[in-house]
Protein chains: 2
Amino acid sequence: MNTIPHITDAEWEVMKELWNKSPRTANEVIEALQDRTDWKPKTIRTLLNRLNQKGAVSFLQEDRVYAYYPLVSEDECVRAETRSFLKRIYGGAFKPMFVNFLKDEQLSEEEIRELKRLLDDKTK
Amino acid sequence: MNTIPHITDAEWEVMKELWNKSPRTANEVIEALQDRTDWKPKTIRTLLNRLNQKGAVSFLQEDRVYAYYPLVSEDECVRAETRSFLKRIYGGAFKPMFVNFLKDEQLSEEEIRELKRLLDDKTK
DNA sequence: CTCTTTGGATTACAAGTGTAATACAAATAT
DNA sequence: ATATTTGTATTACACTTGTAATCCAAAGAG
């Protein structure tokens, strides 16, 4: 039942704020986003509205003002996005993506050890 | 100069066919996609057209028929998409994504060994 | 009590996308 | 030479997304 709504790029920025701390009023979210974006307040209100309509957030009414909070966790959204990305680009397989990434990116010795450690933990 | 055009989900399916083998006529692409999708031939022609317009593919005229081929490599598209995905969801860092994926997915012993081997190769 | 401000609700509007159908010209069949 | 088929070009149309502006009601200012 708990289908995760699709969150667009712009909406994602708003969600990040709410995942970071919630509930927060529209104005609080707007202020928080002033640094990272150049969106007008109205734009951010639109995004909050759409997120509400698609069931990604809800709000409490404090005074005359809404305080929004997420209805979907960052974790599940991240996983959903990752899965759909992997499916689209790599046919769902992690390994090719991993290989490709390794080709592309140069990781430090330390990072490589780190990743191996993570794999080790997985074995147990 | 070589900016990679944005390739949509549907277009990506078409590109996969052309990356797989090219040049191919519209009809060949259409036939190849009959299995994997339920798109009408006209739809696929539209996609080929759009890909052409955005500079992702071009074509040779054979007889009266176009044979399409990619202008952008799978590799660069995949990398571009991966980067933008990582940026959007994980703030650009690979490790959190890796961690998250490991949490989510159960890999076989063999797969884990495989990944470790890949990391080993990287060290040399 | 009216005037202004402010927050939420509604509306806007162009570009991009999914998903085709229609129009047209050339090749083919008759 | 026409009629039909077939491939390409053009057009369609609703939904999503980015990016707001306008409308309206309630709260606060005077």
Side-chain angles (χ1 to χ4, degrees), chain A residues 3-18 23-34 36-69 77 80-81 84-85 87-89, chain B residues 3-18 23-34 36-69 77 80-81 84-85 87-89:
Chain A
T3 306
I4 298 152
H6 180 243
I7 294 168
T8 72
D9 283 21
E11 288 164 0
W12 197 271
E13 293 304 314
V14 174
M15 289 306 288
K16 279 203 265 195
E17 286 306 324
L18 294 179
R24 301 173 96 169
T25 66
N27 275 338
E28 284 166 344
V29 173
I30 286 165
E31 175 151 15
L33 285 170
Q34 282 316 289
R36 300 200 284 105
T37 72
D38 51 356
W39 294 336
K40 301 284 181 298
K42 298 286 186 185
T43 300
I44 296 169
R45 283 173 189 282
T46 298
L47 294 172
L48 282 167
N49 233 291
R50 286 182 182 168
L51 285 167
N52 178 246
Q53 278 169 18
K54 58 174 71 170
V57 309
S58 187
F59 53 80
L60 311 159
Q61 192 136 6
E62 301 181 342
D63 312 296
R64 296 296 126 205
V65 172
Y66 293 173
Y68 293 88
Y69 60 92
C77 286
E81 287 298 317
S84 101
F85 165 75
K87 178 150 178 259
R88 185 162 85 91
I89 306 299
Chain B
T3 306
I4 297 152
H6 180 244
I7 293 168
T8 73
D9 283 22
E11 287 164 0
W12 196 273
E13 293 303 316
V14 173
M15 289 305 288
K16 279 203 266 194
E17 286 305 324
L18 294 179
R24 298 172 97 169
T25 66
N27 275 338
E28 282 166 345
V29 174
I30 287 165
E31 175 151 16
L33 284 171
Q34 282 317 289
R36 300 199 285 106
T37 73
D38 51 357
W39 295 334
K40 301 284 182 300
K42 297 286 184 184
T43 300
I44 296 169
R45 281 172 190 283
T46 298
L47 295 173
L48 282 167
N49 233 292
R50 286 183 183 167
L51 284 167
N52 178 244
Q53 278 168 20
K54 59 175 71 171
V57 309
S58 186
F59 54 79
L60 312 159
Q61 193 136 6
E62 301 182 340
D63 311 296
R64 295 298 124 204
V65 172
Y66 293 174
Y68 293 88
Y69 60 91
C77 287
E81 287 298 316
S84 101
F85 165 75
K87 177 148 180 261
R88 184 161 86 92
I89 306 298

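Labels below follow one simple rule: chain letters A, B, ... track the order of the sequence lines, proteins then strands, and each chain is numbered from 1. Quantities reported herein were computed from a predicted structural model and do not represent experimental measurements. Only this structure's heavy atoms are used, side chains among them; waters, hydrogens and symmetry mates stay out.
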Does the C:dG16 base have a donor-acceptor partner in the side chain of B:Arg50 within less than 3.5 Å?
-> no
Of the candidates C:dG7, D:dA20, D:dT8, the side chain of B:Val65 sits closest to D:dT8
In whole angstrom, what separates A:Asn49's CG from D:dA21's P?
-> 16 Å
Can you check the B:Asn27 CG to D:dT8 C1' distance for me, whole Å?
-> 11 Å
All side chain to side chain donor-acceptor pair (under 3.5 Å) counterparts of B:Asp9, not counting sequence neighbours | A:Arg88
Encode nucleotides 22-30 of chain C as B, S and - characters from 5' to 3', where the letter depends on protein heavy atoms closer than 4.0 Å: B to the base, S only to sugar-phosphate, - to neither.
-> BB--SS---
Taking the side chain as every heavy atom from C-beta outward, state whether A:Glu17 and A:Arg36 have any pair of such atoms under 4.5 Å apart.
-> yes
Rounded to whole Å, the CD-P distance (B:Gln53 to D:dT8) equals 15 Å
Contacts of B:Arg64 that satisfy side-chain contact (heavy atoms from CB on, under 4.5 Å) - sequence neighbours left out = none
List the atom pairs, with distances to 0.1 Å, where a side-chain N or O of residues 53-60 of chain A and a protein N or O form a donor-acceptor pair under 3.5 Å, not counting sequence neighbours.
{"from": "A:Lys54", "atom 1": "NZ", "to": "A:His6", "atom 2": "O", "distance (Å)": "2.9"}
{"from": "A:Lys54", "atom 1": "NZ", "to": "A:Glu11", "atom 2": "OE1", "distance (Å)": "2.8"}
{"from": "A:Lys54", "atom 1": "NZ", "to": "A:Glu11", "atom 2": "OE2", "distance (Å)": "3.1"}

Rounded to whole Å, the CD1-C1' distance (B:Ile44 to C:dA20) equals 11 Å
Residues of residues 5-14 of chain B with a heavy atom under 4.0 Å from any atom of DNA chain C, listed by number, are B:His6, B:Thr8, B:Asp9, B:Ala10
Can you check whether B:Tyr66 reaches B:Leu48 side chain to side chain, under 4.5 Å on heavy atoms?
-> no
Check the distance between D:dT11's P and B:Arg45's CZ and give it to me in whole angstrom.
-> 18 Å
Results of ring-ring contact (aromatic ring centres under 6.0 Å, His included) for B:Trp39 - residues two or more places apart only = none
Would you say C:dA20 has OP1 or OP2 under 4.0 Å from some side-chain N or O of B:Lys40?
-> yes
Atom-pair distance (CD on A:Gln61; C1' on D:dA25), nearest Å | 13 Å
For residues B:Trp12 and B:Lys16, determine if any side-chain heavy atom of one lies less than 4.5 Å from a side-chain heavy atom of the other.
-> yes
Is atom CD of B:Gln34 surrounded by more than 12 heavy atoms (other residues, nucleotides or ligands) closer than 6.0 Å?
-> yes
Just how far is it from atom OG1 of B:Thr25 to atom OH of B:Tyr68, taken to the nearest 0.5 Å?
-> 9.5 Å
Tell me: CG of A:Leu48 to P of D:dA20, nearest whole Å?
-> 15 Å
Would you kindly give the CG-to-P distance between A:Asn52 and C:dT10, to the nearest whole Å?
-> 11 Å
Considering only side-chain heavy atoms of B:Tyr66, which listed nucleotide, C:dA9, D:dA9, D:dT19, is closest?
-> D:dA9
